[in-house]
Amino acid sequence: MKHLEAYSMGKKFGHPELNEDSFVIIPDAGYAVIDGVTDRNGTRYGGMLSGQFASRTVKRATELFILAQSDPKAPAHMRYTGPTDFVAYLTNVLRQAYVDEGAYEAARDDWKVRGGCTIMAAFQIDGRLEVVAVGDSGIRVNGDDVLQVLKPLDDVTGILRRETWNLFAARGHEPTYCDKQAAAVTWRGTHNQEPGTPTADPALLAEIEQRTLAACKQHLPDVGEAEFMELIRHGIMHGQGNFQNAGERALGYGGLDGFPVLDKYVDSRSYDLAEVETIELFSDGYFKIAEGFGVEAWEAGFREVEAVDPHKIGPYLSTKGTTDAALTDDRTYVGIALR
């Protein structure tokens with residue numbers, strides 16, 4: 001390894017300890033970026049919110065796995081034999097973490113209390129660079145070969161948020177007010193708004209549903225209306241988990257949560273290590289692929305996105321936006337120049 005750069009920043013201003021991203025660096029052996037899923041209801045394990053707990057648990061498990069590749073005494077399940085076996089190993093570690101916390105049955109029966117995360121991992125093994133991914137963190141190899149599996153489901157909840165934001169803006173409200181109301185609808189869904197709040201008005205919610213459904217049908221014409229409406233009505237808090245690791249659903253997606261991940265949600269690539277010059281791993285808090293290698297290039301891209309679309313209702317549509325309390329998301333970058 002010739003050069004290494006890494007950077008991680010939590011989204012909540014003044015609270016770096018709440019960063020749900022993690023990263024792994026073991027030079028000339030392996031690297032990973034792990035993104036914890038935002039907690040839905042305040043569930044804590046090991047003194048941490050569930051997404052951070054999953055992120056830190058998978059980080060440690062990945063470190064041990066990478067180190068095991070050079071240990072002749074390592075057990076068979078710690079040997080890299082392919083991407084799905086590695087994901088199964090991480091799943092088992094998370095499952096055991098629930099057991100250790102006395103929460104396995106609760107997590108098994110209710111996805112709302114599960115911890116979850118994505119992972120992008122790269123291992124240097126036997127002259128190869130083996131890449132394994134679950135979820136929407138990304139990797140770029142040699143400056144131009146990018147693997148990042150973004151989920152269409154986020155487009156649906158992003159459109160829900162955009163349509164709500166624009167509706168309130170059209171009524172003359174300030175951006176901070178629009179941010180708050182759009183967040184409430186996106187998080188809880190149109191059928192779960194708190195009584196007496198600005199987003200509880202039935203006529204307003206009917207208009208939001210109509211506008212969002214029309215935009216979703218235009219954007220994703222091959223997805224059935226029922227899946228759109230399930231997400232629109234129940235939002236991230238009450239509906240999104242029904243789609244995780246659900247292979248039969250058009251909007252299904254993969255994530256690590258201690259329960260089986262279908263093979264279709266495990267992505268992988270393999271490279272001749274002799275042909276790899278640079279490896280860059282990043283979480284989805286970066287909305288723009290940088291024009292160059294290194295932290296400064298990626299941070300320049302981040303600043304550009306914030307200047308163009310801070311609320312994330314335009315070209316960088318997202319389920320959240322930057323407010324006076326937090327950035328849109330945690331962001332992490334690891335860059336390795338091998339030669």
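What you are looking at is a predicted structure, and each value in this text was computed from that prediction instead of being measured.
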Mutual orientation of the aromatic rings belonging to F123 and Y80 [parallel < 30°, tilted 30-60°, perpendicular > 60°]: tilted
Pairs under 3.5 angstrom only: tabulate donor-acceptor contacts from the side chains of residues 253-261 to other protein residues two or more places apart or in another chain.
from : atom 1 : to   : atom 2 : distance (Å)
Y253 : OH     : Q240 : NE2    : 3.4
Y253 : OH     : Q244 : OE1    : 3.3
D257 : OD1    : F259 : N      : 3.0
D257 : OD2    : R114 : NH1    : 3.3
D257 : OD2    : Q244 : NE2    : 3.1

Residue pair A200 / P195: nearest heavy atoms and the distance that separates them: CB-CA, 4.3 Å
Check: E130 and R269 side chains under 4.5 Å, non-hydrogen atoms: no
Partners passing salt bridge (Lys or Arg N to Asp or Glu O under 4.0 Å) against E63 (at least two apart in sequence or in another chain): K59, R60
Beyond-backbone contact of L273 with L338, side-chain heavy atoms, under 4.5 angstrom: yes
Residue pairs fulfilling ring-ring contact (aromatic ring centres under 6.0 Å, His included) with at least one residue in residues 145-169, sequence neighbours excluded: W165-H311, F168-H173, F168-Y177
Pairwise distance SG(C117) to CD(Q52) - rounded to 0.5 angstrom: 12.0 Å
Salt-bridge present (E277, K2; N to O < 4.0 Å): no
Aromatic plane relationship, F65 with Y89 - under 30° parallel, 30 to 60° tilted, over 60° perpendicular: tilted
Min side-chain heavy-atom separation V24-Y31 under 4.5 Å: no
salt_bridge(K151, D154) N-O dist < 4.0 Å: yes
Gap separating the CD atom of Q69 from the CE atom of M78, nearest 0.5 angstrom: 7.5 Å
Donor on one side chain, acceptor on other, S8 and T332, under 3.5 Å: yes
Electrostatic pair D21-R331, nearest N-O below 4.0 angstrom: no
Sidechain-backbone polar pair: D309 side chain, I313 backbone, donor-acceptor under 3.5 Å: yes
Pair R249 + E230, salt bridge at N-O below 4.0 Å: yes
cation_pi(K288, Y316) dist<6.0 Å, angle<=45: no
Contact summary for T278 and G143, nearest pair of heavy atoms: OG1-N, 3.6 Å
Interatomic distance, T38 atom OG1 to M237 atom CE [nearest 0.5 angstrom]: 13.0 Å
Residues, nucleotides or ligands: over 12 heavy atoms within 6.0 Å of E17 CD: yes
Point-to-point distance, once rounded to the nearest 0.5 Å, from CG of N41 to OG of S50: 7.0 Å
Within-4.5 Å side-chain heavy-atom neighbours: R40 and W187: yes
Side chains of D85 and R79 in contact at under 4.5 Å (non-hydrogen atoms): no
Geometric cation-pi criterion, R128 with Y271: 6.0 Å, 45°: no
Non-hydrogen side-chain atoms of L90 and V87 separated by less than 4.5 Å: no
Any donor-acceptor N or O pair under 3.5 Å, side chains T118, S137: yes
Output field: ring centroids W298/Y7 closer than 6.0 Å: no
pair E306-T328: side-chain heavy atoms closer than 4.5 Å: yes
CG-OG distance between D136 and S283, expressed to the nearest 0.5 angstrom: 9.0 Å
D126 atom CG: more than 12 heavy-atom contacts under 6.0 Å: no
Flag for E280-Y333: side-chain donor and acceptor within less than 3.5 Å: yes
CD/Q96: more than 12 non-hydrogen atoms of other groups inside 6.0 Å: yes
Pairwise side-chain contact, L281 with R140, heavy-atom cut-off 4.5 Å (strictly under): no
Check against side-chain contact (heavy atoms from CB on, under 4.5 Å), F287 and K312: CA-CA 10 Å; F287 287 80; K312 309 303 183 297; 4.2 Å; yes
Residues E163 and T212: side-chain donor-acceptor under 3.5 angstrom: no
F53 ring center within less than 6.0 Å of Y45 ring center: yes
Exercise: do S22 and S55 side chains pair donor with acceptor under 3.5 Å: yes
